[in-house]
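All heavy atoms count here, side chains included; hydrogens, waters and symmetry mates do not. Within every chain, numbering begins at 1; the chains are lettered A, B, ... in the order of the sequence lines, protein sequences first and strands thereafter.
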Number of protein chains: 2
Amino acid sequence: MNRKKRVTIYDIAQKLNVTASTVSRALSNNGYVNETTRQLVLKIAAELNYKRNTLASNLRKGETKTIGVIVPRINQNFFANVIAGIEDSTYQKDYNLIICQSDELHEKEIKCVNTLINQHVDCIVISVSADSYNYDHLQNVIDQGIQLIQFDRVAEELETLKVINDNEQASFEAVCHLIEQGYKKIALLEGPQNLNIFRQRKSGYLKALRKFKIKVNNAYVVENAWTKELGAAATKKLLSLPDAPDAIFASTSDFSALGVLEVANDLHIKVPSQLGICGYSNEAFTEITSPSITTIDQFSVDMGKAIANLYFDEMEKAEASVTPKIISIKPKLIVRGSTIRRGLEENQEIKSQESR
Amino acid sequence: MNRKKRVTIYDIAQKLNVTASTVSRALSNNGYVNETTRQLVLKIAAELNYKRNTLASNLRKGETKTIGVIVPRINQNFFANVIAGIEDSTYQKDYNLIICQSDELHEKEIKCVNTLINQHVDCIVISVSADSYNYDHLQNVIDQGIQLIQFDRVAEELETLKVINDNEQASFEAVCHLIEQGYKKIALLEGPQNLNIFRQRKSGYLKALRKFKIKVNNAYVVENAWTKELGAAATKKLLSLPDAPDAIFASTSDFSALGVLEVANDLHIKVPSQLGICGYSNEAFTEITSPSITTIDQFSVDMGKAIANLYFDEMEKAEASVTPKIISIKPKLIVRGSTIRRGLEENQEIKSQESR
DNA sequence: TTTCAATATGCAATCGATTGCAGAAAAATA
DNA sequence: TATTTTTCTGCAATCGATTGCATATTGAAA
């Protein structure tokens, strides 16, 4: 393709017999410029369809008004929603977003980071990939003088601005709810323990068991069960135990919980009377399954807005906070059909379970 | 925040007592540079943690190796998947992606376009918003010498590269399937007719009715029913007609079809025996509802890959094609429980309908 | 009326990387 | 050995927009 010559401020300057300096001042309305001259500049610029070259102006100004966002997967609902929330806020402030995805790969995450550093973005927002095992590349962001904000999945040893969910509390509440509904043998489907979010969800699970003096059964904790298929496989294993669980908390995702539900249906196990199911993330489908699935809403769009606003607040300060700020979004337990047992039903179903 | 001084090629040049010119040649391995010198440059660059400033190099080189993508909403599954597909391919070619969303607003779409023009992206990929009513801003992209690729929702009067779905054929097949299942009174939930995709879906609907010599009933065509709520409202209206439809093709989205299903359940109308339901887009939930919903898969990730590859193919040509290429992805009808009636059931249910 | 402040414009440098070309040195060829 | 070709480096300009500062003019204040 033959690249057309783009109109520059020199073309406008020539037409008006002024210098590029005057044109620049008129276009940016910065510094002194005569109003009549300014209107002429704007008029010619429009006629010639001039578009500023932000490569040049950003290079000269030393800022890009651009935020780079790195997420594990763009087409995962949680992250797409967070991005939408960030975009809502940054649009108001005339900031640009560059969005990258790591595909849950360490190597790709490093590449994303370097690309954004090279692009001289003003801030990098990141949720780390499952594959990531060291965070030198994030330290590098800080070393280059770029603002770094971590969200959801964070490298805890890096003291940066953070926007997180209170995963432990949400998990704690979910498991307490299960126990209050009469479930006694609660299994946990967990994610990779190198990620903070899954560690915290497990921590909340254990805390709830402790609160109610329920003994921890290690056979009830299954690793890496975060897709529907992995959730289903884990469920088959759990339900074939001699002392099978009576509830499954899929702390990794609603997809995992969906896999649990499908296996329960296949095995003609009644939900919620014989088996309770709780997911995580409040995916759209959790309210349309039969029964609908109890889950945890992470307020992902709000999280995105909090991230953007944290950045803008920090920019407005004369100097950086001594201790980087951490914002914690409180998730909400959404109780639905998959975990609701009533007193009367409870008596009947306990009997039914003993005969299974 | 106090912006740190970034390491530049001049810092490396100084340390090695060579000029920036040599450093540049060494880093890019372009032109002649002594191998020993080159290795020294790379070593010092790594020690100093030098990062190229792509603002500067892109400005000088006159290319950015960046593709700008504008979609109506990032957190809508179809678009998120297309983006994922584009990213898969562009990552292989070391191209950067800048992703913008128009929020279905004309004004915001114009802003996105201008931002990308200013950024000197090499290509703009766009699916137009529902609100868009003229396409001067897209013509402007072409005038600035930037490659423009439209996908899915396109401005038909603009002759550009395009990647589309064969919406008419998919719709035609869906409606034929409904008719073949014995549905005789088929309603259409349509989207805004300024968008090509919805016009084509309606066109396929009409074509199928013509093929089977079924008279078009205008009362069965409902406008702007593209969310779950709007689909539910439209369904209530349709089902209260004296001569209610026996099938509803929600050509706008699966969410709309979900609204139909919920109303049917509320009114104790049996699906598929009394009412057939077909959606569009193969959202994840369509296979988990009861009954699962017949829908159309648009192969969105593949579409994204086709878009990226179209761009790269076009770039490799010595000159632009005389007639811009149009790639048509063939969607697939996914038949599920919501539209399957058997011969025996058909006889029973026709009788049941007459008594309703 | 004189002095000071505000307005306006142009010049030249800057931002950081790239590259055409000149000149020098080394290597290859006649 | 002389000539030609290849390799290497540095200089200077380029990319397009911005901005500090000098200079000139106009307007306001003393």
*Can you name the ring-ring contact (aromatic ring centres under 6.0 Å, His included) partners of B:Tyr10, sequence neighbours left out?*
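Per chain and number, B:Tyr10 pairs via ring-ring contact (aromatic ring centres under 6.0 Å, His included) with no residue.
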
*Is it true that atom CD of A:Gln39 has more than 12 heavy atoms of other residues, nucleotides or ligands lying nearer than 6.0 Å?*
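Counting other residues, nucleotides and ligands, CD of A:Gln39 exceeds 12 neighbours.
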
_Members of residues 21-44 of chain A that approach DNA chain D, where some heavy atom sits under 4.0 Å away_ =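 Nucleic-acid contacts, sorted: A:Ser21, A:Ser24, A:Asn30.
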
*Pairs satisfying salt bridge (charged side-chain N to carboxylate O under 4.0 Å, His left out), at least one member in residues 15-37 of chain B, at least two apart*: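 Listed by first then second residue: B:Glu35-B:Arg38.
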
Taking only distance into account, with no hydrogens and no angle test, what donor-acceptor pairs under 3.5 Å do side-chain atoms of residues 73-85 of chain A form with protein atoms, sequence neighbours excluded?
unit_1  : atom_1 : unit_2   : atom_2 : d
A:Arg73 : NH1    : A:Asp103 : OD1    : 3.2
A:Asn75 : ND2    : B:Asn81  : OD1    : 2.5
A:Asn81 : OD1    : B:Asn75  : ND2    : 2.6
A:Asn81 : ND2    : A:Asn77  : O      : 3.3
A:Asn81 : ND2    : A:Ser300 : OG     : 3.4

*Point-to-point distance, once rounded to the nearest 0.5 Å, from CG of B:Asn96 to NZ of B:Lys65*: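 B:Asn96 CG to B:Lys65 NZ: 9.0 Å, rounded to 0.5 Å.
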
*Contacts of type salt bridge (Lys or Arg N to Asp or Glu O under 4.0 Å), residue A:Glu87, not counting sequence neighbours*: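 With neighbours one apart ignored, the set is B:Lys108.
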
_Taking salt bridge (Lys or Arg N to Asp or Glu O under 4.0 Å) as the definition, give me every residue that meets it alongside A:Asp94, ordered by chain and number, with sequence neighbours left out._
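Per chain and number, A:Asp94 pairs via salt bridge (Lys or Arg N to Asp or Glu O under 4.0 Å) with B:Lys111.
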
*Give me the first and last nucleotide of DNA chain C, going 5' to 3', that has any atom under 4.0 Å from a heavy atom of chain A.*
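Nucleotide range in contact with chain A: C:dT7 to C:dG16.
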
Side-chain donor-acceptor pairs under 3.5 Å in residues 41-50 of chain B, sequence neighbours left out?
unit_1  : atom_1 : unit_2   : atom_2 : d
B:Lys43 : NZ     : B:Glu47  : OE2    : 3.0
B:Asn49 : ND2    : A:Asn140 : OD1    : 2.4

*So which of residues 8-18 of chain B are in contact with DNA chain C, with a heavy-atom cut-off of under 4.0 Å?*
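Within residues 8-18 of chain B, the residues near DNA chain C are B:Thr8, B:Ile9, B:Tyr10.
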
*To the nearest 10 degrees, what angle separates the axes at the start and end of the helix from C:dT1-D:dA30 to C:dA30-D:dT1, five pairs each?*
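The two end axes of the helix from C:dT1-D:dA30 to C:dA30-D:dT1 meet at 30°.
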
Give the table of side-chain donor-acceptor pairs shorter than 3.5 Å for residues 151-158 of chain A, with sequence neighbours excluded, one pair per line with atom names and distance.
unit_1   : atom_1 : unit_2   : atom_2 : d
A:Arg153 : NH1    : A:Glu104 : OE1    : 2.8
A:Arg153 : NH1    : A:Glu104 : OE2    : 3.3
A:Arg153 : NH1    : A:Val128 : O      : 3.2
A:Arg153 : NH2    : A:Glu104 : OE2    : 3.1
A:Glu156 : OE1    : A:Arg199 : NH2    : 2.2

*Report yes or no: does A:Thr90 contribute a side-chain atom to a donor-acceptor pair with the main-chain N or O of A:Ile86 at less than 3.5 Å?*
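Yes, the answer is positive, given that a donor and an acceptor are paired below the 3.5 Å cut-off.
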
*Taking all non-hydrogen atoms of both residues, which atom of B:Ser102 and which atom of B:Ser129 are closest, and how far apart?*
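Taking B:Ser102 first and B:Ser129 second, the nearest heavy atoms are OG-CB, 3.6 Å.
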
*Mind jotting down which residue pairs meet the ring pair (Phe, Tyr, Trp, His ring centres under 6.0 Å) criterion with at least one end in residues 83-114 of chain B? Sequence neighbours excluded, please.*
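Pairs touching residues 83-114 of chain B that pass the test: B:Tyr95-B:Tyr311, B:Tyr95-B:Phe312, B:His106-B:Tyr133, B:His106-B:His137.
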
